[in-house]
Novice: 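For reference, the structure I am asking about is given below.
Every number for a ligand or one of its atoms is a count from 1 in the order of the listing.
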Amino acid sequence: MREVKRVNVGGLELGGGKIFVQSMLNVPAENIEKSVEQAKALEKAGCDIIRAAVPRVEDARLISALKNAVNVPIVADIHFDHKIALACIEAGVDKVRINPGNIGGAENVRAVADACRKKRVPIRIGVNGGSLERDILRKYGKPTPEALTESALGHVKLLNDCDFDDIVISIKSSNVKLTIDAYRLLAKTVNYPLHLGVTEAGTERMGLIKSSIGIGALLCEGIGETIRVSLTADPVREVYAARDILKACGMCGGVEIISCPTCGRTKIDLITLANRVEEMFRGVDKPLKVAVMGCAVNGPGEAREADIGVAGGCGEGLIFKKGEILRKVPEDRILEELKLEADKLFST
Ligand code: SF4
């Protein structure tokens with residue numbers, strides 16, 4: 001297992017074993033009301049850390065507004081201007097995402113590092129394949145794992161030179177294979193917590209596929225302390241996707257839905273039913289396996305490892321527990337009956 005330095009982000013300990021889910025507001029920073037509304041929706045969806053872009057010094061007031069509105073750590077995403085970082089730190093931000101190599105020189109880096117140290121605010125260095133330094137690109141010819149890692153290490157050195165070590169790193173690319181290889185190399189090179197993500201991953205479907213492969217592969221190797229699924233979609237969908245990736249990797253609790261692919265034996269609208277069951281249990285963080293199977297011939301047996309489940313029939317469903325059939329219920333009562341059985345298990 002990779003030894004990771006512990007970094008505290010507003011009370012959450014990166015490097016302590018738990019993987020934290022992040023997302024980012026996509027409302028203009030000056031629209032405080034809409035930003036707060038979106039942050040609340042993200043918190044409700046299970047987002048552990050919320051990031052907001054802060055493009056101007058005066059937008060730092062968004063940080064205090066968010067801190068007052070939600071109970072999750074807030075990260076300020078800043079490019080180029082160290083004064084914005086100082087304003088956000090002053091406003092109580094929990095982490096700053098900034099690349100020290102592009103904020104105008106050693107003096108500015110020291111000012112940010114000192115302010116962060118005083119308030120125990122960590123810094124995330126965020127390297128992207130698309131915005132590598134020119135000299136590194138020239139040296140490697142294109143974004144490579146070595147190029148991305150060298151860029152990250154350059155930023156790390158600037159902070160270390162200011163005796164600053166409270167660092168988180170991301171090293172993203174929109175290319176899944178490059179992302180995986182780069183994080184593997186970085187994980188071997190430094191012990192800082194890593195923020196995983198495939199950047200500009202795309203629309204909801206393709207973005208989820210790319211992120212599942214990239215983030216999932218790394219998580220299964222024990223790499224990564226916090227994840228962001230980047231989707232061209234409502235950020236709440238990013239949180240659901242991230243949570244589902246963690247679930248698929250066996251790294252978070254909650255209800256796991258097992259459902260069959262349907263076949264010629266299916267006599268019930270299983271696709272709708274499986275989606276409704278998934279929706280009903282979304283956000284429940286107790287461990288439970290629920291099977292939604294298309295027929296009674298194979299359903300209960302095939303889903304024996306599920307805690308509870310339903311096998312569809314013609315206008316009805318068989319509710320079962322660990323493969324044992326409990327009772328037959330009409331189709332329109334299936335959801336209620338599953339909920340009933342789940343509640344019984346939760347209360348024992
Ligand atoms: Fe077909 Fe039944 Fe298997 Fe579903 S559980 S795939 S309906 S045989």
Novice: Determine the sole option in I268, L273, V310 for which the side chain to side chain contact (heavy atoms under 4.5 Å, CB included) test with E331 is passed.
Specialist: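 Considering I268, L273, V310, a side chain to side chain contact (heavy atoms under 4.5 Å, CB included) with E331 is found only for I268.
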Novice: Quick one: hydrophobic cluster around L14, which other residues, with the 4.5 Å side-chain cut-off, linked directly or via members?
Specialist: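 Its cluster partners, ordered by chain and number, are V7, V9, L12, F20, I49, V75, V168.
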Novice: Pick one: which of R51, K95, R228 meets salt bridge (Lys or Arg N to Asp or Glu O under 4.0 Å) with D77?
Specialist: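 Going through R51, K95, R228 one by one, the salt bridge (Lys or Arg N to Asp or Glu O under 4.0 Å) with D77 is satisfied by R51 alone.
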Novice: Do K139 and D135 sit within salt-bridge range, that is, some charged N less than 4.0 Å from a carboxylate O?
Specialist: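 Salt bridge between K139 and D135, a charged N being under 4.0 Å from a carboxylate O: no.
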Novice: Take atom 4 (Fe) of ligand 1 and tell me which protein N, O or S atoms are nearer than 2.8 Å.
Specialist: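 Listed by chain and number: C260 SG.
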Novice: Please write out which residues are connected to I258 in a hydrophobic cluster, directly or through intermediates, given that two of Ile, Leu, Val, Met, Phe, Trp, Tyr count as joined at side-chain heavy-atom separations below 4.5 angstrom.
Specialist: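 None, because no other hydrophobic side chain comes under 4.5 Å of this residue.
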Novice: Sequence neighbours left out, cut at 3.5 Å: what donor-acceptor pairs do the side chains of residues 241-256 make with other protein atoms?
Specialist:
| unit_1 | atom_1 | unit_2 | atom_2 | d |
| --- | --- | --- | --- | --- |
| R243 | NE | G46 | O | 3.0 |
| R243 | NH2 | G46 | O | 2.7 |
| R243 | NH2 | D48 | OD1 | 3.2 |
| R243 | NH2 | D48 | OD2 | 3.0 |
| K247 | NZ | V255 | O | 3.0 |

